[in-house]
Asks: 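Take this structure, written in structure tokens, and hold onto it; I'll ask about it next.
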Amino acid sequence: MERQTQELVAEAFGAAPELLPLLPAILADLRALGGWPDKVGTILRECARLPQEAAVVDLGCGKGAASLVLAAELGCRVTGFDLFEPFLEDAASGARAAGVDHLCSFEVADIRDRAEDSDTFDVAIFAAVGAGLYGDYSDCLAALRRWTRPNGHIVISDGFLKQLAPPSAKFPGYGYYEHHDEALRQLTAHGDVMVREILISSEEFAEQSLRDLESIRAGVQRLSQTHAQHREQLKQFLVSQEAEYAFLNKHTTEAIWLLRRA
């Protein structure tokens, strides 16, 4: 993996680059790396009239949790892109285990480089990647629209600041978060139609956060015993994950947005 790519992946997970070889083991018990894949399937099944074997691109697909839901439940043909090859190997393995490997393909790629020459898809999924990769939500939609045919659909799983959260309530990687009205304004700035919004309740998010953190702690503890040379970096990774989840729980609401491209 090239150094620049290593730094991008490490930054996305709040980890030291030296921990990248250990990330698959740290996160081994997490089915999804965020993004609420079951809800992504639900919002498309209930609100989008997809053609048979709809062509879907899963951008920053991670372990392919959303890809597998769409292939298995909706019969979509899914192409997943991600920078981190070990996660793509998990995605391919999951597709084989689910019997949908004929509907799924996964490829190492920087999605920012591929958008200009991409094919047009019926659906573009952007789940738990972070619109800040492009700028704000308006910038993100400008990029995602290039993947999607006119009248196709875009699904974004991300979030916004709670109403009582001050605009200064920011966290590294979430500087693009705004309050709800401004987030919706940016999401529809290019004339696309907001078809449906699913908001994740504070209680549901807190429960999922607790499960995720318990899994991460267990992974860090295991690896601290077998990789003593990385013990301090592992400790710092866990601290950063706890701080991130605390910020999200206190100041933000997660959402799944379905837009129809103009």
Side-chain angles (χ1 to χ4, degrees), residues 8 35-37 39-85 87-88 91-92 95 100-158 176 183-198 255-262:
L8 285 172
W36 308 93
K39 295 182 188 297
V40 169
T42 295
I43 204 170
L44 282 170
R45 182 174 57 251
E46 294 181 353
C47 301
R49 295 182 179 179
L50 299 181
Q52 187 174 7
E53 294 191 356
V56 176
V57 62
D58 189 355
L59 301 164
C61 64
K63 296 183 181 182
S67 296
L68 300 188
V69 167
L70 299 183
E73 296 186 5
L74 302 182
C76 298
R77 290 193 171 274
V78 186
T79 302
F81 294 111
D82 201 273
L83 277 175
F84 198 39
E85 189 168 4
F87 288 160
L88 294 176
V100 294
D101 50 313
H102 62 295
L103 294 174
C104 299
S105 64
F106 299 101
E107 180 181 336
V108 176
D110 186 332
I111 57 177
R112 296 171 301 175
D113 295 336
R114 293 293 300 269
E116 295 296 342
D117 62 353
S118 65
D119 295 327
T120 54
F121 290 85
D122 297 303
V123 181
I125 307 295
F126 194 74
V129 183
L133 187 67
Y134 296 102
D136 60 15
Y137 278 127
S138 178
D139 297 326
C140 182
L141 260 294
L144 298 182
R145 296 174 93 250
R146 295 198 293 268
W147 292 92
T148 316
R149 64 171 177 78
N151 293 315
H153 289 83
I154 297 169
V155 180
I156 296 180
S157 180
D158 210 314
Y176 61 95
L184 292 186
R185 186 195 68 78
Q186 292 180 13
L187 285 164
T188 56
H190 302 280
D192 306 309
V193 177
M194 180 66 70
V195 177
R196 186 178 175 189
E197 173 186 65
I198 295 177
I256 298 97
W257 292 297
L258 175 66
L259 296 106
R260 185 172 65 252
R261 186 193 184 288

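On a predicted model such as this, the values are computed, not experimentally measured, just so you know. Just so you know, residue 1 is the first one in the sequence shown, and it goes up from there.
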Asks: What salt bridge (charged side-chain N to carboxylate O under 4.0 Å, His left out) pairs are there with at least one residue in residues 120-139, not counting sequence neighbours?
Replies: Asp122-Arg149
Asks: What is the distance from atom OG of Ser157 to atom CG of Leu258, rounded to the nearest 0.5 Å?
Replies: 12.0 Å
Asks: So which atom in Thr148 and which in Ala124 form the shortest heavy-atom distance, rounded to 0.1 Å?
Replies: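 Reported closest heavy-atom pair: OG1-CB, 3.4 Å.
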Asks: Quick test of your reading: applying ring pair (Phe, Tyr, Trp, His ring centres under 6.0 Å), list the pairs with at least one residue in residues 50-83, sequence neighbours left out, ordered by first then second residue.
Replies: Phe81-Trp147
Asks: Do Val56 and Leu74 make a side-chain contact, defined as non-hydrogen atoms from C-beta onward lying under 4.5 Å apart?
Replies: no
Asks: Ala128: what forms a side chain to side chain contact (heavy atoms under 4.5 Å, CB included) with it, not counting sequence neighbours?
Replies: none
Asks: Are Cys76 and Leu50 packed together at the side-chain level, in the sense that at least one heavy-atom pair is separated by less than 4.5 angstrom?
Replies: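 Yes, close enough: below the 4.5 Å cut-off.
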Asks: Looking only at heavy atoms, what is the nearest atom pair of Gly130 and Asp158, with distance?
Replies: CA-OD2, 3.6 Å
Asks: Please list, chain by chain and in numerical order, all residues satisfying side chain to side chain contact (heavy atoms under 4.5 Å, CB included) with Arg77, sequence neighbours excluded.
Replies: Glu53, Leu103
Asks: Does any non-hydrogen side-chain atom of Leu141 lie less than 4.5 Å from one of Ile156?
Replies: yes
Asks: Can you tell me how far apart CZ (Arg261) and CZ (Arg146) are? Round to the nearest 0.5 Å.
Replies: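 Nearest 0.5 Å value for the CZ-CZ distance: 10.5 Å.
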Asks: What pairs with Glu46 under side chain to side chain contact (heavy atoms under 4.5 Å, CB included), at least two apart in sequence or on another chain?
Replies: Thr42, Arg196
Asks: Might you work through the side chain to side chain contact (heavy atoms under 4.5 Å, CB included) test for Leu187 and Glu197, ending with a clear yes or no?
Replies: CA-CA 12 Å; Leu187 285 164; Glu197 173 186 65; over 6 Å; no
Asks: Check side-chain hydrogen bond (donor to acceptor under 3.5 Å, both in side chains) between Ser138 and all other residues, then give those that pass, not counting sequence neighbours.
Replies: His190
Asks: side-chain hydrogen bond (donor to acceptor under 3.5 Å, both in side chains): which pairs involve residues 58-67, sequence neighbours left out?
Replies: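 side-chain hydrogen bond (donor to acceptor under 3.5 Å, both in side chains) check on residues 58-67 returns Asp58-Ser67.
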Asks: Are any of the side-chain heavy atoms of Leu144 and Leu59 separated by less than 4.5 Å?
Replies: yes
Asks: Are Leu44 and Ile125 close enough that some pair of their side-chain heavy atoms sits under 4.5 Å apart?
Replies: yes
Asks: Suppose we screen for side chain to side chain contact (heavy atoms under 4.5 Å, CB included). Which residues come up paired with Ala183, at least two apart in sequence or across chains?
Replies: Tyr137, Phe160
Asks: Is Cys140 close to Leu133 at the side-chain level, that is, under 4.5 Å between some pair of heavy atoms?
Replies: no
Asks: Taking all heavy atoms of Gly191 and all of Ala262, pick out the closest pair and write down the distance.
Replies: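 Closest approach of Gly191 to Ala262, heavy atoms only: O-CB, 3.5 Å.
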Asks: Looking only at heavy atoms, which two atoms of Cys47 and His153 are closest? And how far apart?
Replies: O-NE2, 4.5 Å
Asks: With rounding to the nearest 0.5 angstrom, report the CD to CD distance, Glu107 to Glu85.
Replies: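 So the CD of Glu107 and the CD of Glu85 are separated by 11.0 Å.
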Asks: Closest heavy-atom contact between Leu68 and Cys104?
Replies: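 Taking Leu68 first and Cys104 second, the nearest heavy atoms are CD2-SG, 4.3 Å.
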Asks: If you take all heavy atoms of Ala95 and Phe106, which pair is closest and at what distance?
Replies: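 In terms of heavy atoms, the two residues are closest at CB-CE1, 4.3 Å.
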Asks: Quick one: list whatever passes salt bridge (charged side-chain N to carboxylate O under 4.0 Å, His left out) with Arg260, sequence neighbours left out.
Replies: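 Applying salt bridge (charged side-chain N to carboxylate O under 4.0 Å, His left out) to Arg260 gives none.
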Asks: How would you list, by chain and number, every residue that makes a ring-ring contact (aromatic ring centres under 6.0 Å, His included) with Phe87, sequence neighbours excluded?
Replies: Phe13, Phe84
Asks: Could you measure the distance from the OH atom of Tyr134 to the CD1 atom of Ile111? Nearest 0.5 Å is fine.
Replies: 3.5 Å
